[in-house]
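All remarks here apply to the structure that follows.
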Amino acid sequence: EGVKKGLMMLQIGHNHFEYNDGVAVKLTPIARLVGKIEHNDFLNNKDGCMYTHNEDDYILEIQKVDLQLQENRFYNNRGSYVLNLGLSHYDFNHNQQLLMTNNWVMDNVITEPWLGLNPRSKVAAPVVIASNNVKLTRNILQNPDSRYELGSHLIEPNAELDCKYNWIGDKDEETVWKKVFDRDDRYNLAKIAYIPYLLSNNINTELVLERPLFEHQFINRQTKEVGGDVSGVEELRESGVYIVRRDINVRPSGRLKITPGVTLKFEHSVGMMVSGELIAEGDNTGGQPVFTLLDTVRENVSHAGVRLVGGHTVREGRLQVEIDGVWGTVCDFGWTIESAAIACQQMGFVLNTEDWKLQPYQVPKEGMTDPILMSNVRCNDLETDIRTCKRAERSDDFMNSCSHEYDVGLRCYDVSWAGLRLGMTAKRSKLYDVKIERAGLFDYRTFSFVPGVQADFSHHVFENIEVRDNDHDGIGIVYSDIYYPDHVNFIKNSLISGNKRHGVSFRQLGMRISDTEIRDNLHAGIYHDPKLTKLEQRELSEWMSLIDESKADTIVKLPDTNEGTTAENPIILKEGESKLLITSDSIETKERKTYYIRAERDDFVIGMQLINPFHNRTTEQLFIYDYTSVVESSNIKVVEVSRDIASFPFVSSSYAVTLFFDPGSAPLGNMMMLFTPINCANLPGSCNPGAWHINPLDRNKIYDGPIPRLTVEHSRIAFNGQGLMA
């Protein structure tokens with residue numbers, strides 16, 4: 001009764017879930033559902049109590065979910081979580097919600113599934129949240145044998161998770177802060193908003209902390225540990241070694257200066273994001289700042305029950321497992337990359353999806369006299385030991401149907417730190433006489449590796465730097481800011497060597513490399529591949545949306561704003577400044593609008609970079625007229641953004657363009673385009689901004705203007721797997 005047709009009513013109540021080997025309640029996918037899970041006891045379960053999850057799928061993202069989790073008790077459970085709660089994060093219709101309230105989560109022992117590996121996107125905590133339509137309020141979280149109480153599994157740095165008015169194991173502010181794992185620990189995670197929090201473990205208490213006095217300090221002068229947000233100006237002036245155990249996150253309003261003689265040693269999987277400004281400079285006399293890995297003694301392979309034999313290192317060889325005190329091999333029938341990842345992680349290592357499977361001729365001879373103990377091992381993403389995966393066969397099941405020529409041969413990688421990333425909103429940063437080494441591992445749970453230095457929107461100075469011995473690319477360029485006012489975007493007098501992938505990689509060209517040596521890299525010296533995955537594109541757009549933090553009013557939201565909707569009051573692009581247009585997913589504003597955009601000075605033209613294209617299923621349309629108004633003429637160039645993606649980056653023929661935007665009936669929003677004024681004097685040929693009907697930047701001609709291009713001069717590209725590769 002009261003449930004709309006097409007929806008499922010779910011009621012789970014007044015049950016005991018005890019001593020289960022796997023997760024007690026698993027709802028995945030979760031869609032077209034309303035209901036409650038209430039008055040249950042979850043006791044002594046061995047691998048979590050509740051798991052709700054939706055894949056990144058548009059069909060799931062538009063379904064209704066309304067679930068309440070209330071008045072349940074979760075005691076004495078083990079695993080890497082008690083509750084792992086997530087719906088569809090990209091909930092376009094704002095039609096999904098999960099409320100967790102008045103529950104007791106107490107005395108659970110939650111640990112990382114593999115010793116010696118640092119978490120990023122999948123931290124172990126009693127309660128973890130994976131989408132921002134999950135809300136926690138008035139719960140008791142008290143698990144003293146667990147390192148954290150709350151963890152963010154949502155990869156979206158500008159999102160907030162609503163977890164207010166809960167008891168989080170203590171009332172001391174610093175203790176509570178340390179019990180929460182979120183953006184303060186890893187820069188790409190959503191922030192958990194847990195203040196106000198309860199000051200008593202009485203679930204109905206009115207005692208709450210509303211105004212915090214504790215603020216984490218970026219630099220601990222006693223321990224020489226650094227990490228966390230940089231929102232103002234910070235400077236590492238004292239030479240010596242600084243330890244980094246949580247990500248350094250330079251916010252758009254922040255500035256970090258690193259002076260000669262400073263060495264930053266990062267724990268593995270810990271890195272640095274710069275959305276503001278970074279200045280790191282040596283003195284060319286031996287005071288070179290160094291960014292490197294902190295070597296730690298890790299508990300890993302001693303009692304793993306899994307090993308690799310016969311290889312050149314302990315990280316490669318023939319895979320063996322120990323079952324009932326006997327060591328034997330694994331047949332590769334049905335063997336999956338997920339199973340390989342778990343095997344590596346059990347040994348304290350990680351899997352690189354580009355370099356993991358040994359071909360039969362590469363598998364060493366050792367181990368061929370031992371029995372074959374397993375076959376058809378197909379683990380899922382919740383399992384943590386290949387020997388106990390549900391979809392796996394023991395020797396009794398396959399009865400001599402496999403021989404040692406089909407044994408699994410595996411290569412794992414050792415850990416490394418997560419690299420230096422210059423984000424979409426980073427101001428022009430300078431790296432001079434700096435060494436960056438032993439980076440590459442970003443997130444072992446998602447098999448993510450990243451360059452030692454990554455520039456998301458490059459307009460930076462890399463001079464006299466060494467980038468070497470990284471587990472991925474040395475330097476990676478995603479977008480190049482080809483319209484940056486003074487064309488600063490270069491690598492000069494540098495050494496890029498010994499990296500396990502490419503020396504320098506580009507998604508979009510737009511750089512000058514001079515007097516630089518690129519050598520001994522495993523794959524290409526210089527590599528170009530313009531492909532971006534949907535998730536990469538989405539993540540870049542999320543970072544770009546922080547641009548208003550550094551300069552207010554940079555973002556123009558269509559069609560919400562009325563700014564620039566008349567020719568008399570256009571949107572003005574001032575010299576040296578850009579505007580970011582973002583479309584809204586609001587279904588309330590369906591009005592078609594015309595926007596007028598012009599450069600402040602008539603001797604400028606307008607450069608347009610498409611940062612995030614329209615969603616494939618959106619009804620939105622955006623037309624850009626290369627003219628001062630909407631005119632249908634064969635002489636006026638019109639770009640339809642969804643259709644003409646290959647036209648970008650695009651330069652206007654004059655100081656003005658006009659936009660016509662139609663949101664349609666079901667806008668999905670989040671299209672992003674950056675508009676930048678370009679001084680016509682910096683363009684080749686007869687750039688006449690008054691020449692309305694003749695575009696001087698005709699793309700059928702070769703010219704030296706601001707199009708994506710790569711120039712390499714006076715450089716040495718040697719002893720790489722390939723020289724140049726595209």
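Just one of Leu150, Ile168, Asn103 meets the side chain to side chain contact (heavy atoms under 4.5 Å, CB included) condition when paired with Asn139; it is Asn103. Checked options Ile110, Asn45, Val127, Val109; the residue passing with Val82 is Ile110 (criterion: side chain to side chain contact (heavy atoms under 4.5 Å, CB included)).
The six-membered or imidazole ring of Tyr444 lies away from that of Phe349, with a centre-to-centre distance of 6.0 Å or more. With ring centers used as reference points, Tyr58 lies under 6.0 Å from His615.
Checked against salt bridge (charged side-chain N to carboxylate O under 4.0 Å, His left out), Lys164 has the following partners two or more places apart in sequence or in another chain: Asp162. Scored by the salt bridge (charged side-chain N to carboxylate O under 4.0 Å, His left out) test, Asp185 finds Arg246 as partners (sequence neighbours excluded). Listed by chain and residue number, Ser152, Leu154, Ala159, Leu161 satisfy the side-chain contact (heavy atoms from CB on, under 4.5 Å) test with Ala190 (two or more places apart in sequence, or in another chain).
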query: What do the steps show when you test Leu668 against Tyr90 for side chain to side chain contact (heavy atoms under 4.5 Å, CB included), and what is the final call?
result: CA-CA 10 Å; Leu668 299 180; Tyr90 295 95; over 6 Å; no
message: Working note: Leu99 + Leu67, criterion side chain to side chain contact (heavy atoms under 4.5 Å, CB included); need CA distance, chi angles, decisive distance, verdict.
response: CA-CA 6 Å; Leu99 174 64; Leu67 182 62; over 6 Å; no
query: For Trp177 and Phe214, what are the C-alpha separation, side-chain angles and deciding distance, and is it a ring-ring contact (aromatic ring centres under 6.0 Å, His included)?
result: CA-CA 9 Å; Trp177 177 79; Phe214 169 76; 5.6 Å; yes
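For the atom pair CG of Leu213 and CD of Glu215, the computed distance is 11.0 Å after rounding to the nearest 0.5 Å. In this structure, Ser416 OG and His268 NE2 are separated by 9.5 Å, a value rounded to the nearest 0.5 Å. The distance from atom OG1 of Thr101 to atom CG of Leu98, rounded to the nearest 0.5 Å, is 11.5 Å. Here CE of Met374 is found 13.5 Å from CD of Gln320. Values are rounded to the nearest 0.5 Å. Distance check, rounded to the nearest 0.5 Å: CD of Glu55 to NE2 of His53 gives 4.0 Å.
Here the side chain of Asn77 pairs a donor or acceptor atom with the backbone of Tyr75 at under 3.5 angstrom. A donor-acceptor pair under 3.5 Å is absent between the side-chain atoms of Ser541 and the main chain of Asn612, judged by distance alone. Of the possible polar contacts, one joining the Asp247 side chain to the Gly271 backbone as a donor-acceptor pair under 3.5 Å is found. Asn20 contributes no side-chain N or O that, together with a main-chain N or O of Ala24, makes up a donor-acceptor pair within less than 3.5 Å. For the pair Thr619 (side chain) and Ala666 (backbone), a donor-acceptor distance under 3.5 Å is present.
Cation-pi geometry between Arg120 and Phe442 is met: the NZ or CZ atom falls under 6.0 Å from the ring centre, inside 45° of the normal. Seen from the ring of Trp335, Arg378 does not count as a face-on cation partner, given the 6.0 Å and 45° thresholds. Cation-pi geometry between Arg411 and Trp356 is not satisfied (NZ or CZ under 6.0 Å from the ring centre, within 45° of the ring normal).
With 3.5 Å as the limit, one finds no donor-acceptor pair spanning the side chains of Ser448 and Asp443. No hydrogens or angles considered: nothing links the side chains of Asn380 and Glu338 as a donor-acceptor pair under 3.5 Å. Under the 3.5 Å distance criterion, with hydrogens and angles disregarded, a donor-acceptor pair is assigned to the side chains of Asn376 and Glu393. Under the 3.5 Å distance criterion, with hydrogens and angles disregarded, no donor-acceptor pair is assigned to the side chains of Gln70 and Asn102. A donor-acceptor pair shorter than 3.5 Å can be found between the side chains of Glu38 and Gln11. Looking at Asn40 and Asn72, their side chains do bring a donor and an acceptor atom within 3.5 Å of each other. Residues Asn133 and Ser131 have side chains that bring a donor and an acceptor to within less than 3.5 angstrom of each other. One side chain, Thr175 or Asp172, offers a donor N or O that lies under 3.5 Å from an acceptor on the other. Checked by atom type, the side-chain pair Trp167/Gln142 shows a donor-acceptor distance below 3.5 Å. Of the N and O atoms on the side chains of His89 and Asn132, at least one donor lies less than 3.5 Å from an acceptor on the other residue.
His16 NE2: 12 or fewer foreign heavy atoms inside a 6.0 Å radius.
Looking at Arg394 and Asp324, no side-chain N of the basic residue comes within less than 4.0 Å of a carboxylate O on the acidic one, giving no salt bridge. Using a 4.0 Å cut-off between a side-chain N of Lys or Arg and a carboxylate O of Asp or Glu, Lys390 and Glu383 do not qualify as a salt bridge.
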